[in-house]
Number of protein chains: 2
Amino acid sequence: MARPERRTVRDIRRGNRAVLLHTLYFSGPTSRNDLTARTGLSAATVSTMTAGLLAENIVVEAGQVESDGGRPRVLLRVNPEYGFAVGVDMAETHVRVGLFDLEMTERAKVDYVLRPARHDPELVARHILSGVEVVLSDAGVSPEQVLGVGVGVPGIVEPGPDGVIHAKTFGWDGVPLGALLRRGTSLPLYVDNGAKTLGQAELWFGSGRGSSEAVIVLLGVGVGATIVADGTTFRGVSSSAGEWGHTKIVADGRPCRCGGRGCLEAYVGIEAILDRAGVASQGDWEEDLDRLLASESPVIQETVSYLGVGLANLVNLINPEKIVIGGWVGARLGERLLPGIRRATAANSLAEPYAATSIVLGRLGPDAVALGAATLVLEEFLNAPQVARITAAG
Amino acid sequence: MARPERRTVRDIRRGNRAVLLHTLYFSGPTSRNDLTARTGLSAATVSTMTAGLLAENIVVEAGQVESDGGRPRVLLRVNPEYGFAVGVDMAETHVRVGLFDLEMTERAKVDYVLRPARHDPELVARHILSGVEVVLSDAGVSPEQVLGVGVGVPGIVEPGPDGVIHAKTFGWDGVPLGALLRRGTSLPLYVDNGAKTLGQAELWFGSGRGSSEAVIVLLGVGVGATIVADGTTFRGVSSSAGEWGHTKIVADGRPCRCGGRGCLEAYVGIEAILDRAGVASQGDWEEDLDRLLASESPVIQETVSYLGVGLANLVNLINPEKIVIGGWVGARLGERLLPGIRRATAANSLAEPYAATSIVLGRLGPDAVALGAATLVLEEFLNAPQVARITAAG
DNA sequence: TCGTCTTCGTTCAGGCTGTGAAAGAAGGCG
DNA sequence: CGCCTTCTTTCACAGCCTGAACGAAGACGA
């Protein structure tokens, strides 16, 4: 029951502008002539529209290429310095703030360590706000040039303007991070779950590129998934879709830190893996995992099997074109065990959907959460490039 | 990475026409004046557009109501006899063909019994084609008046014009039912999975009405789900999304007829329920289930628990606004055990998404599959009402 | 050097679209 | 009969995309 919405002639312009910008952004330097072919718009429209974008400095010329004997084409591209996006990765142990230009090149970054069990919302908000100031001054970018600030956080983010967060592992239950930040800045804010921003990053710039039906899976301390349907992150009714880590794969199974039993995270989360292997961790999980992988422990094969069950459930239910395995645990497991993971998934999937799915590793490193958060800003920009810039008050 | 598409002024007209028709269809008799308020369109546009729809006989007048002293409003409604839709329920034991007017009132129907293990594609196609002829002549409707034929089938339907079907339980693997039917009729065809057409029916006319983020669950011999995202049935990359019955809830659990182990269907499908209870069925599963429900068997509670796990996985992963339990097994279980099902789901869900979800019973009976199939035709009609009707050749 | 050819880019008249304002229609009421 | 209220239609207008005509820019040969 898709209820369409009323449209007016103006929406057309806005929409076609977005089409043009998307094409320009993802096809790189492109001539007007190419643009007519790629967008399906008429040459006339492309001409007037690019003229506008050039006048606003959103698009710039990028040299010429000769054509077969005729007038050479002028290449156009999105001006990477038209504006900047801030991406924030707020994790359980640190806050990382990055400044990106429109090509998503990182221009500056800064880290703050969070002492465990010291997650005062006010403090975290101050870290983020001062982080924004630091990266801006480091890169010599003024606040007026910033199109927005994206923040990736653990836990569930309520929809709405206040960016209310529920993060059990954090001790946050109903913290309005968005509202706290807005007290200190007037830049547009985008708060989203970190697994979703990582998914956004892999979808736009990593292994998910080009897919419009995909699932990006995050394996780390927590386990989550970003479901992409028709090119857009699927959020569900209250923005908590994708809690894959707490789907049950063993009815009445191992207890999970969420309070439930038999959750996937209770088998393939890093704590669960080490626990099942009987490793008494000294705190450096990455080293522990590497050592475990190097050993011949049967726990590894078990982990692959459980992961296969979890992935197969996604294959059967979601029928994605691609599953991208991300997160640092995912990277390490996938590095050596990808064929086994694929086999385990196949063993638990129906043949048709499995055949339609390719399972690949994520391409982006640990910075992907911040990159994806910044990408939220980019997405907004490409969809509705402002003509009048919002003035930042600070 | 939602790639928007180019638009032209004409798309606006088409789109706004669809807006108007949707509103008219779901709000019942409505005045032009109301329509301006409900659609957001200007009075001028509503006026010219309704004039067109009236001229095409798509919309008809439906009386007047007086206004507070002024000119009375003329009520408009979609002409229920502008066209008709055929809905076909092709199940494991029968083929049912129904003729519906645009209000989805059934005008005629016909049943064909399929002898088990006698599922010759040609025969089934002939049943469907002759069924269409029968309902048309019974209702006195000519083929020119039929907007299309929707068919709900078991198994996976490949996307594409040939309506290729993979149905293990049927012995069909790659049967191009759409192509077979097209040899016998030139009416527009819509072939879809039966669980999805049932979902479509509940979404449009049953308990799911008004929800745009919902899951409609089918419990019967098979177990499946229709995932509705943003008002539209989610199909995945190869149209097999929603195979909920074969998601695993017990790693390495009971064997399932799909060849896998631990599938939800191997616990809450009717065969599994009876098998777990040790009932040696004489063939009448409905009676067997009723007897089992009347007994105090612990298998019932177990079933509720397993179902709760399966539903909780949907809650966590999809975060729907509503879960509708359909299918004849679902109806019988839900009738007495709905509170227990809700409790079992809550016990296995995260608090936030569970709080956002209401779990309700389906409202439509066994005819819902055919009704939903016809609704595929209706949906197409409301989105793009033809001006020039396609001529049927027969 | 000049004219021609090829290709790219821009301009312009024209047809659609939705809109606001003004005009028209239809009934109630004194 | 005239006025009032309310619903509906008409009309001039601005915005949009488009095809066709026109202009621009280089290659190339004479």
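Keep in mind that the numbers below use all heavy atoms, side chains included, and drop hydrogens, waters and symmetry copies. Below, chains carry the letters A, B, ... as their sequence lines are ordered, and counting in each starts from 1.
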Given atom [atom1] of [X] and atom [atom2] of [N], what is their separation to the nearest angstrom?
| X | N | atom1 | atom2 | answer |
| --- | --- | --- | --- | --- |
| B:L76 | D:dC7 | CG | P | 14 Å |
| A:R32 | C:dG9 | CZ | C1' | 7 Å |
| B:R38 | D:dC7 | CZ | C1' | 16 Å |
| A:I12 | C:dG18 | CD1 | C1' | 10 Å |
| B:R17 | C:dT17 | CZ | P | 10 Å |
| A:E61 | C:dG9 | CD | C1' | 12 Å |

Original post:
From C:dT11, C:dG18, C:dT7, pick the nucleotide closest to the side chain of B:R13?
Top reply: C:dG18
**OP:** Please figure out whether B:S42 or A:A43 has its closest DNA chain C nucleotide nearer the 5' end.
**Re:**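 Taking each residue's closest nucleotide, the earlier one in sequence belongs to A:A43.
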Subject >> More than 12 heavy atoms from other groups under 6.0 Å of CD on B:E5 >> reply: no
Is any side-chain nitrogen or oxygen of [X] closer than 4.0 Å to OP1 or OP2 of [N]?
| X | N | answer |
| --- | --- | --- |
| A:R10 | C:dT17 | no |
| B:R6 | D:dC16 | no |
| B:N33 | D:dT6 | no |
| A:S47 | C:dT10 | yes |
| B:R73 | D:dT8 | no |
| A:N16 | D:dC17 | yes |

Subject >> Residue of the set B:T226, B:T375, B:D192, B:T233 for which side-chain contact (heavy atoms from CB on, under 4.5 Å) holds with B:T197 >> reply: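 Only one of B:T226, B:T375, B:D192, B:T233 forms a side-chain contact (heavy atoms from CB on, under 4.5 Å) with B:T197, namely B:D192.
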**OP:** Using the closest heavy atom to pick a nucleotide of DNA chain D for each, name whichever of A:E66 or A:G40 lands nearer the 5' end.
**Re:** A:G40
**OP:** Please state whether the rings of B:Y25 and B:F205 are parallel, tilted or perpendicular, taking 30° and 60° as the class boundaries.
**Re:** perpendicular
Original post:
With a 4.0 Å cut-off on heavy atoms, is A:V46 in touch with a base, just the backbone sugar-phosphate, or nothing at all?
Top reply: nothing
Original post:
Where do B:K322 and B:E202 land on the salt bridge (Lys or Arg N to Asp or Glu O under 4.0 Å) test, with the steps shown first?
Top reply: CA-CA 11 Å; B:K322 198 178 273 184; B:E202 286 285 354; over 6 Å; no
Original post:
Are any non-hydrogen side-chain atoms of B:V377 and B:V86 less than 4.5 angstrom apart?
Top reply: no
